[in-house]
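These notes are about the structure you will find just below.
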Amino acid sequence: MALEYVDRKKVEATFYRSCFRGTVYFTGVLVVLNLALCLFAAHTALNPKKTQWIVTTVDGRLIKI
């Protein structure tokens with residue numbers, strides 16, 4: 001039983017390149033989401049919710065809730 005010669009093709013390191021590319025994309029998405037969350041938190045902190053209810057006491061004072 002003779003072994004036959006098989007032409008071998010050069011295998012490029014595409015697996016590591018695609019993993020690195022995916023890591024870079026995922027990091028970019030996380031940075032954008034973090035920036036959006038920071039902007040939302042700043043907007044919420046700087047623009048508080050307006051008063052929805054005003055309660056009057058027995059003597060006529062107004063209390064904002």
Side-chain angles (χ1 to χ4, degrees):
M1 194 166 172
L3 294 176
E4 295 180 17
Y5 178 75
V6 179
D7 238 358
R8 294 184 181 238
K9 295 181 180 180
K10 183 180 178 185
V11 179
E12 295 182 18
T14 56
F15 174 74
Y16 295 108
R17 286 181 189 163
S18 65
C19 286
F20 180 73
R21 188 178 297 123
T23 304
V24 169
Y25 290 158
F26 184 68
T27 304
V29 168
L30 287 180
V31 167
V32 169
L33 287 175
N34 193 12
L35 181 63
L37 184 62
C38 289
L39 289 175
F40 176 73
H43 175 74
T44 305
L46 295 176
N47 299 316
K49 195 173 183 182
K50 294 182 179 178
T51 304
Q52 293 183 348
W53 303 94
I54 296 177
V55 179
T56 58
T57 58
V58 193
D59 56 354
R61 292 179 293 146
L62 301 177
I63 302 174
K64 294 182 181 179
I65 297 178

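Below, all heavy atoms of this structure are taken into account, side chains as well, without hydrogens, waters or symmetry copies.
For D59, the side-chain contact (heavy atoms from CB on, under 4.5 Å) partners at least two apart in sequence or on another chain are T57, R61. Qualifying side-chain contact (heavy atoms from CB on, under 4.5 Å) partners for T56, counting only residues two or more places apart in sequence or in other chains: L62.
Residues N34 and L30 are not in side-chain contact: their nearest non-hydrogen atoms beyond the backbone lie 4.5 Å or more apart.
Closest heavy-atom contact between P48 and A45: CD-O, 4.4 Å.
Here the OG-OH distance, from S18 to Y25, works out to 11.0 Å after rounding to the nearest 0.5 Å. F15 CZ to F20 CZ: the interatomic distance, rounded to the nearest 0.5 Å, is 14.0 Å.
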